[in-house]
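Notes to accompany the following structure.
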Amino acid sequence: MVKDGKKTGSFSLVVLTLLVVSIFLVVTTGLGAKKPDVFLTNRANEKILKPYYQMLSFKPLTISLDDPRGIACGPDGLLYVAETSESRIVRFTQQGGYKEEVLADEPGSGFSGEPLNLTFGPNGNLFFITPQNGIWTLEDGDPKKRPEKLIKDTYFDQGEKPHDLGFLKAGEYSNDLIVSVLTEKPYKGYVARIPGPDYNQVRPFISRYQYTEMGNKKTQHLRVPVALAVNDTGEVFIADHEKRENHVLRYSPDGEFVDVFVESIVRPMDLNFDSSGKMYATLGPLWRDDPSSGGLKVYGQSGSQEMYIPRQNIWGTAICKN
C-alpha cells in the first residue's frame, strides 16, 4: 500500500507540475499573442527594442542608431525614428533592415532643428517636433518631398518648448493636432490644440486637472506634461514627469478632465495604446540628473498595471497594428 501510495503521490506531483507549466505557457504565450508589435527606442545601447513577453525582457533589432528618441510606425509599415543629436529622421523595416534617411538638417533641405517626437496624422503625413524650432510636417513621410514648418508666426514664449504630439479622434475637434508644451521653472506646462487641415493656428486646450485632498476637490496646473496619447475611443491621456506628480491623467475628446487614470508612475516618458485599449508607458530619464533606470509598463483599461519590464534609458514607443 505504501508503495502504491508513493506512486500515486509521485504521479499526482508530476500531473500538478505539468498543469502549472501548461497554465504558465498558456498565459505567457497568450499574453504575447494578444499584443501587437511594440517597438521602443533605447538611448543606452542606441538600439530599437522589442518586448520579449515570455521572459519579461527585450530583443534588440540589429540596426544601430545615434541618440534615438521618438519612434512611430508609418502607414507603410516602416519604422520612423528621430536621431535627435544627428538632426535627422530615418526609416527602416520592422526587422531592422532598409535604412533610409527621411530628412536631415543640412544645406538645401528646407529643414532645420533637432527632431524629438513624431507621429503620423489622419491624412498619412508625418508630423514631428523640434523643441528649438517648432512643429513640422512632411507629406506622406516621403524623403523626396520638402518638409513644411507649421505655425509660421512665433507663438511659444521664451522658455516654452513643444515636446510631444498626437491627433484627436472624436468630438468636435476630431483630426486636430495636439501638442504638449514644457516650460522652465516654475513648471507650468500645457497642451495646445492646432486645428486642421492647415495646422497653422494655436488654440488653448488642456492646462489643469483636479484631485481630492482631505475630501475636498482641488484644481492643479499641469507641470511637466511629457507625454500624451489618444486611445481608439478618442480619450486623451497626459503623463506628467515631475517628481511631485508622476501620474497619468485622462480627459474627454473635447479636453474636459475625467480622472487620474494612473495615480503613481515614476518618470513616465511616452504613452501609446493598442487596439484593445491597453496603455503602454515607457519610463526613463528626461533630465540629466534623472536616474537612468526605467522600462516598459502595460496598463489595462481600468488603469491597473499588468506588466513591467525594466530597462535603462528607454524613451519612445511605437505600436504597429497589423
Side-chain angles (χ1 to χ4, degrees), residues 43 69-70 82 84 113-117 128-135 150-151 153-166 168 176-194 201-230 235-252 254-271 281-294 297 303 313-316:
R43 298 177 62 202
R69 303 288 188 99
T84 301
E114 297 182 341
L116 184 65
N117 288 312
F128 56 97
I129 295 289
T130 57
Q132 302 291 348
N133 202 18
I135 308 163
L150 305 180
I151 320 300
D153 297 327
T154 300
Y155 174 82
F156 301 109
D157 293 336
Q158 182 73 24
E160 293 186 344
K161 296 179 181 179
H163 187 84
D164 200 10
L165 70 173
L168 298 172
D176 284 1
L177 175 67
I178 53 175
V179 175
S180 70
V181 181
L182 306 188
T183 68
E184 297 176 353
K185 292 182 178 181
Y187 302 126
K188 283 195 174 182
Y190 61 92
V191 175
R193 180 176 61 88
I194 304 176
Q201 295 181 343
V202 182
R203 298 286 183 266
F205 190 54
I206 295 172
S207 62
R208 298 179 182 276
Y209 67 96
Q210 294 178 339
Y211 66 99
T212 302
E213 183 177 270
M214 304 290 290
N216 299 317
K217 284 189 175 181
K218 296 188 176 183
T219 300
Q220 174 69 39
H221 201 289
L222 295 177
R223 295 181 64 81
V224 186
V226 69
L228 55 83
V230 181
E235 293 178 311
V236 180
F237 295 77
I238 300 173
D240 201 315
H241 188 92
E242 212 275 330
K243 62 183 179 181
R244 286 178 289 177
E245 308 300 329
N246 277 334
H247 48 214
V248 179
L249 309 170
R250 173 162 53 181
Y251 295 81
S252 73
D254 297 329
E256 295 295 324
F257 176 74
V258 176
D259 59 17
V260 179
F261 184 67
V262 177
E263 291 189 356
S264 180
I265 177 172
V266 180
R267 296 185 295 114
M269 280 301 304
D270 196 20
L271 301 177
T282 58
L283 290 69
L286 174 63
W287 295 300
R288 289 183 179 180
D289 58 349
D290 277 347
S292 60
S293 59
K297 287 190 174 183
N313 287 296
I314 296 293
W315 185 279

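Just so it is clear, the values below take in all heavy atoms, side chains as well, and ignore hydrogens, waters and symmetry mates. Residue indices begin at 1 and follow the sequence shown.
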Partners passing salt bridge (charged side-chain N to carboxylate O under 4.0 Å, His left out) against [X] (at least two apart in sequence or in another chain):
{"X": "Arg267", "value": "none"}
{"X": "Asp254", "value": "none"}
{"X": "Lys217", "value": "none"}
{"X": "Glu160", "value": "none"}

With sequence neighbours left out, what residues match [X] under side-chain contact (heavy atoms from CB on, under 4.5 Å)?
{"X": "Lys297", "value": "Leu283, Tyr299, Gln305, Tyr308"}
{"X": "Ser264", "value": "none"}
{"X": "Asp176", "value": "Leu168, Tyr173, Arg193, Pro195"}
{"X": "Glu242", "value": "Tyr187, Arg223, Val224, Asp240, Arg244, Glu245"}

Enter the distance from [X]:[atom1] to [Y]:[atom2] here, rounded to the nearest 0.5 Å.
{"X": "Ile194", "Y": "Ile135", "atom1": "CD1", "atom2": "CD1", "value": "3.5 Å"}
{"X": "Lys188", "Y": "His221", "atom1": "NZ", "atom2": "NE2", "value": "6.0 Å"}
{"X": "Asp290", "Y": "Lys243", "atom1": "CG", "atom2": "NZ", "value": "9.5 Å"}
{"X": "Gln220", "Y": "Gln210", "atom1": "CD", "atom2": "CD", "value": "11.5 Å"}
{"X": "Asp259", "Y": "Leu249", "atom1": "CG", "atom2": "CG", "value": "9.0 Å"}
{"X": "Glu256", "Y": "Ile206", "atom1": "CD", "atom2": "CD1", "value": "9.0 Å"}

[X] and [Y]: which non-hydrogen atoms are nearest, and at how many Å?
{"X": "Pro131", "Y": "Leu116", "answer": "CG-CD2, 3.7 Å"}
{"X": "Ser293", "Y": "Pro285", "answer": "O-CD, 4.4 Å"}
{"X": "Leu286", "Y": "His241", "answer": "CB-NE2, 3.4 Å"}
{"X": "Tyr251", "Y": "Phe257", "answer": "CD2-CA, 3.4 Å"}
{"X": "Pro186", "Y": "Thr183", "answer": "O-OG1, 3.8 Å"}
{"X": "Asn117", "Y": "Gly70", "answer": "OD1-CA, 3.7 Å"}

Test your reading of the model: is there a side-chain donor-acceptor pair from [X] to the backbone of [Y], 3.5 Å cut-off?
{"X": "Thr282", "Y": "Ile314", "result": "no"}
{"X": "Asp164", "Y": "Ser180", "result": "no"}
{"X": "Ser207", "Y": "Tyr190", "result": "no"}
{"X": "Thr130", "Y": "Pro115", "result": "no"}

Sub-4.5 Å side-chain heavy-atom contact between Val230 and Ile178: yes
Please enumerate all residues that pass ring pair (Phe, Tyr, Trp, His ring centres under 6.0 Å) together with [X], with sequence neighbours excluded.
{"X": "His163", "answer": "none"}
{"X": "Phe156", "answer": "none"}
{"X": "Tyr155", "answer": "none"}
{"X": "Phe205", "answer": "none"}

Atom CD of Glu263: over 12 foreign heavy atoms under 6.0 Å: no
Centroid-centroid under 6.0 Å between Tyr209 and His247 rings: yes
